[in-house]
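In what follows, a structure is listed as structure tokens, so that the remarks can point back to it.
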Amino acid sequence: MLTEATVRVTRLPEREAFHAVFFPDWETAEEAVREVVQAKLPLSMLRLSNPLETLTMLTLAGHKKLIGLLETYLSWRGCKEGKCILMLGVSGQKATTGAALKSALAIARAGGGVHVGRAMGDKWKQNRYRNVYLRNAAWDCGYAIDTVETAVDWPRVTPMMHAVEQAAATALAGRRERVHAYTHLSHLYAQGASVYTTFVYRLSGNYEEDLARWTVLKGAVSRAIVENGGTISHQHGVGSDHAPYLEAEKGALGIGAMRALFRHFDPDGLMNPGKLLLDEGGRP
């Protein structure tokens, strides 16, 4: 039972702002965002959506007339079909955030980015947590939404993105079902980035069949991750779903070391049993 907790309190930032930048294609966008993150600017957020996620976001945004005007403007600026959106955020003191934002936007523009201001960024901030509840509404309408994420170094980011989306696209073909898969990079580092993919597909209405669809899809994308050198979990945790793929990342020696550590500190197996290591029979 939890009886006491110590919390850390941080003052609200003096300034917080989110800006949107569009790029004409994924290759241009990835190169620009890599340059931004390697410049080590004090930014609070960088989120780069690939073309299909960008299209999905714009479609779900509503405001058809305003989005149409935006599409026309972006087309004039060279961002047509295949464009990508970057959400860029700063939080902190006005002087620091101002300098960071100016530098980041300069790099983005030099890399072919089109800055469209704060309106879309502010709207994204306002609705960012509403999207989590969208999966509940989608389920009621007959659609499943799931995600998977990994992380790799920069040379493997694009191959990983394509591998995971392709695995998802073909996973349910044998069950005569298509998967709408799209990706963004939401955690970026000097040496690499996360690759975060969302899947949308129809429910059959039958529990056993829907569980089977999810199991096939989950296995296909998890294998794509480990086969392409990614971590099986960058931030979501391992758990029983990902435990079968952990040894591909850690190796037998790493798994053995973890078992020894757990036996020493948790000999009765009380701390999340089966959520990280498989038992001797290969079960979570």
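With a 6.0 Å radius and a threshold of 12 heavy atoms from other residues, nucleotides or ligands, Arg202 has its CZ atom at or below the threshold. The neighbour count for Arg109 CZ, taken as heavy atoms of other residues, nucleotides or ligands under 6.0 Å away, is above 12. Phe262 CZ: more than 12 foreign heavy atoms inside a 6.0 Å radius. Applying the 6.0 Å contact sphere to CG of Leu261 captures more than 12 heavy atoms from other residues, nucleotides or ligands. More than 12 heavy-atom neighbours from other residues, nucleotides or ligands sit within 6.0 angstrom of CD on Glu14. Counting heavy atoms of neighbouring residues, nucleotides and ligands inside a 6.0 Å radius, atom CD of Glu81 does not exceed 12 of them.
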**OP:** Carefully, step by step, assess Val116 and His19 under the rule side-chain contact (heavy atoms from CB on, under 4.5 Å).
**Re:** CA-CA 7 Å; Val116 296; His19 289 246; over 6 Å; no
Original post:
Between Met160 and Asp153, does a side-chain contact (heavy atoms from CB on, under 4.5 Å) hold up when you go through it step by step?
Top reply: CA-CA 10 Å; Met160 176 65 77; Asp153 55 17; over 6 Å; no
**OP:** In sequence, state the C-alpha distance, the side-chain angles, and the governing distance for Glu71 and Lys83, and then conclude on salt bridge (Lys or Arg N to Asp or Glu O under 4.0 Å).
**Re:** CA-CA 10 Å; Glu71 295 269 18; Lys83 60 183 172 294; 2.6 Å; yes
Subject >> Working for side-chain contact (heavy atoms from CB on, under 4.5 Å), residues Asp25 and Cys84 >> reply: CA-CA 6 Å; Asp25 53 60; Cys84 300; 5.9 Å; no
**OP:** Test Trp26 against Met161 for side-chain contact (heavy atoms from CB on, under 4.5 Å), laying out the working first.
**Re:** CA-CA 11 Å; Trp26 174 256; Met161 178 183 72; 3.7 Å; yes
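Residues passing the salt bridge (Lys or Arg N to Asp or Glu O under 4.0 Å) test with Lys94, sequence neighbours excluded: none.
Looking only at distances, no side-chain donor or acceptor of Glu249 sits under 3.5 Å from a matching main-chain atom of Gly230. Under a 3.5 Å cut-off, the side chain of Glu16 and the backbone N or O of Ser91 do not form any donor-acceptor pair. The closest donor-acceptor contact from the side chain of Ser194 to the backbone of Ser186 lies under 3.5 Å. Asn206 places a side-chain N or O within donor-acceptor distance of the main-chain N or O of Glu208, the cut-off being under 3.5 Å. With Asp210 contributing its side chain and Ser204 its backbone, the two residues share a donor-acceptor pair below 3.5 Å. The closest donor-acceptor contact from the side chain of Ser44 to the backbone of Val90 lies under 3.5 Å. Between the side chain of Thr96 and the backbone N or O of Gly92, no donor-acceptor pair lies under 3.5 Å.
Taking each heavy atom of Leu246 and Ile232 in turn, the nearest pair found is CD1-CG2, 4.0 Å. Closest heavy-atom contact between Ala181 and Thr197: CB-CG2, 4.4 Å. Residue Glu149 comes nearest to Ser233 through the heavy atom pair OE2-OG, 3.3 Å, listed as atom of the first residue, atom of the second, then distance. For the pair Met120 and Ala20, the tightest heavy-atom approach, listed with the atom from each and the gap, is CB-CB, 3.9 Å. When every heavy atom of Ala167 is checked against every heavy atom of Ala224, the shortest pair comes out as CB-CB, 3.9 Å. Of all non-hydrogen atoms in Ile107 and Ala39, the two that sit nearest each other are CD1-CB, 4.0 Å.
Residues Thr183 and Glu165 have side chains that bring a donor and an acceptor to within less than 3.5 angstrom of each other. Using modelled atom types and a 3.5 Å distance limit, the side chains of Thr158 and Glu30 yield a donor-acceptor pair. Side-chain N/O atoms of His184 and Thr54 include no donor and acceptor closer than 3.5 Å. In this structure, a donor-acceptor pair under 3.5 Å is absent between the side chains of His187 and His234.
Remark: aromatic rings of Tyr196 and His236 are close, center separation under 6.0 Å.
Interatomic distance, CH2 of Trp214 versus CZ of Phe199, reported as 11.5 Å (0.5 Å rounding). The distance from the CG atom of Leu60 to the CG atom of Leu134 is 7.0 Å, given to the nearest 0.5 Å. Considering CG of Leu277 and NZ of Lys250, their distance stands at 10.5 Å, rounded to 0.5 Å. Atom CD1 of residue Ile85 and atom CG of residue Leu58 lie 6.5 Å apart, to the nearest 0.5 angstrom. Ser222 OG to Asp241 CG: the interatomic distance, rounded to the nearest 0.5 Å, is 8.0 Å. Atoms CG and CG, from Asp268 and Asp266 in turn, are 7.0 Å apart once rounded to the nearest 0.5 Å.
Salt bridge annotation for Asp122-Lys125: absent, with no cationic side-chain nitrogen under 4.0 angstrom from a carboxylate oxygen.
Ile255 and Tyr245 fall within a single hydrophobic cluster, where Ile, Leu, Val, Met, Phe, Trp and Tyr are joined by side-chain heavy atoms under 4.5 Å apart, directly or via other members. Tracing side-chain contacts under 4.5 Å through hydrophobic residues (I, L, V, M, F, W, Y), one never reaches Leu88 starting from Trp124; they form parts of separate clusters. Hydrophobic clustering, with ILVMFWY side chains joined whenever heavy atoms are under 4.5 angstrom apart, groups Phe23 together with Val37. Under a hydrophobic-cluster definition in which Ile, Leu, Val, Met, Phe, Trp and Tyr are linked whenever side-chain heavy atoms come within less than 4.5 Å, directly or via other members, Leu74 and Ile67 are assigned to the same cluster. Both Tyr73 and Phe22 are part of a single hydrophobic cluster, where members link through side-chain heavy atoms under 4.5 Å apart.
Side-chain contact between Leu185 and Val195 is present, with heavy atoms from C-beta onward closer than 4.5 Å. Contact check for Leu101 versus Arg15: side-chain heavy atoms found under the 4.5 Å cut-off. Taking the side chain as every heavy atom from C-beta outward, Arg156 and Asn228 never approach each other to under 4.5 Å. Two residues are said to be in side-chain contact when any heavy atoms from C-beta on lie closer than 4.5 Å; Glu209 and Leu203 fail this criterion. Here the side chains of Met57 and Met87 are in contact, with some heavy-atom distance below 4.5 Å. In this structure, His180 and Tyr201 have side chains that are not in contact, with every pair of non-hydrogen atoms separated by 4.5 Å or more. The shortest distance between side-chain heavy atoms of Asp146 and Thr198 does not fall below 4.5 Å. Using a 4.5 Å heavy-atom cutoff, the side chains of His242 and Lys218 are in contact.
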